[in-house]
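No hydrogens, no waters, no symmetry mates; every other heavy atom, side chains included, goes into these values. The chain is numbered in sequence order, starting from 1.
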Amino acid sequence: MTRYLAGLITATAALAAGVWLMLAPYGLDYPSGGTAVQVDMWTGAGVCVIALATVVVWARAWRGQLRADGLLPERPAEEPAAAAEPEQPPAPAPVAAPTTEDLHSLLKPLVAALAADQLERTGNRHNEEDW
C-alpha cells in the first residue's frame, strides 16, 4: 500500500509544481510579454497534464489493489442486453473440495514407504554398531 501512497504523493507534488510554474509569472511579477512568461506557462501546463494523468493512474492502481485484497466491494456488473449477446453455455458445476478420507488415501502409501525406509535405516545402523 505504501508504494501507491508514495506514487500519489509524488504525482500530487508534481501537480503542485506545475501549478506553481503557471502562477509564478504573476506572483513574481515577470516583465510582461517576455519569453520567460511563455516558457513558464507552457512548461507548467505540460507538467500539470502529465502529473494529473499520473495521479489518475496511481489512484486506479491503488483502488484495483484494494478490490483485489477484498477491502473494497466489487463493482456491480452491468446487465447485458438480452438481444445483443447470444446465450452462453451454463457454467460447469463447482468441483467438490477434497475430504479427509481422500487425503488419508493419498497419504497412506507415502507414510508406509517412509516408515519402511526409517525401519531399514535404523535397522542397518544397529547392525553396524554391533561390529
Give, for atom [atom1] of [X] and atom [atom2] of [Y], the distance between the pair rounded to the nearest 0.5 Å.
X: R67; Y: R60; atom1: CZ; atom2: CZ; result: 10.0 Å
X: W58; Y: L5; atom1: CH2; atom2: CG; result: 10.5 Å
X: E101; Y: L106; atom1: CD; atom2: CG; result: 12.0 Å
X: L52; Y: I50; atom1: CG; atom2: CD1; result: 11.0 Å

Residues passing the side chain to side chain contact (heavy atoms under 4.5 Å, CB included) test with L103, sequence neighbours excluded, are L107

Verify the cluster assignment for Y4 and L66: are they in a single hydrophobic cluster under the rule of side-chain heavy atoms below 4.5 Å apart? yes

Hydrophobic cluster identity match, L114 and L119, side-chain contacts under 4.5 Å: no

Using the salt bridge (Lys or Arg N to Asp or Glu O under 4.0 Å) criterion, which residues pair with D117? Sequence neighbours excluded. R121

Acceptor/donor pairs from residues 8-27 side chains to any protein atom, 3.5 angstrom cut, sequence neighbours excluded:
| residue | atom | partner | partner atom | Å |
| --- | --- | --- | --- | --- |
| T10 | OG1 | A6 | O | 2.8 |
| T12 | OG1 | L8 | O | 2.7 |

Using a 3.5 Å distance criterion without hydrogens, assess whether the side chain of S105 forms a donor-acceptor pair with backbone atoms of D102. yes

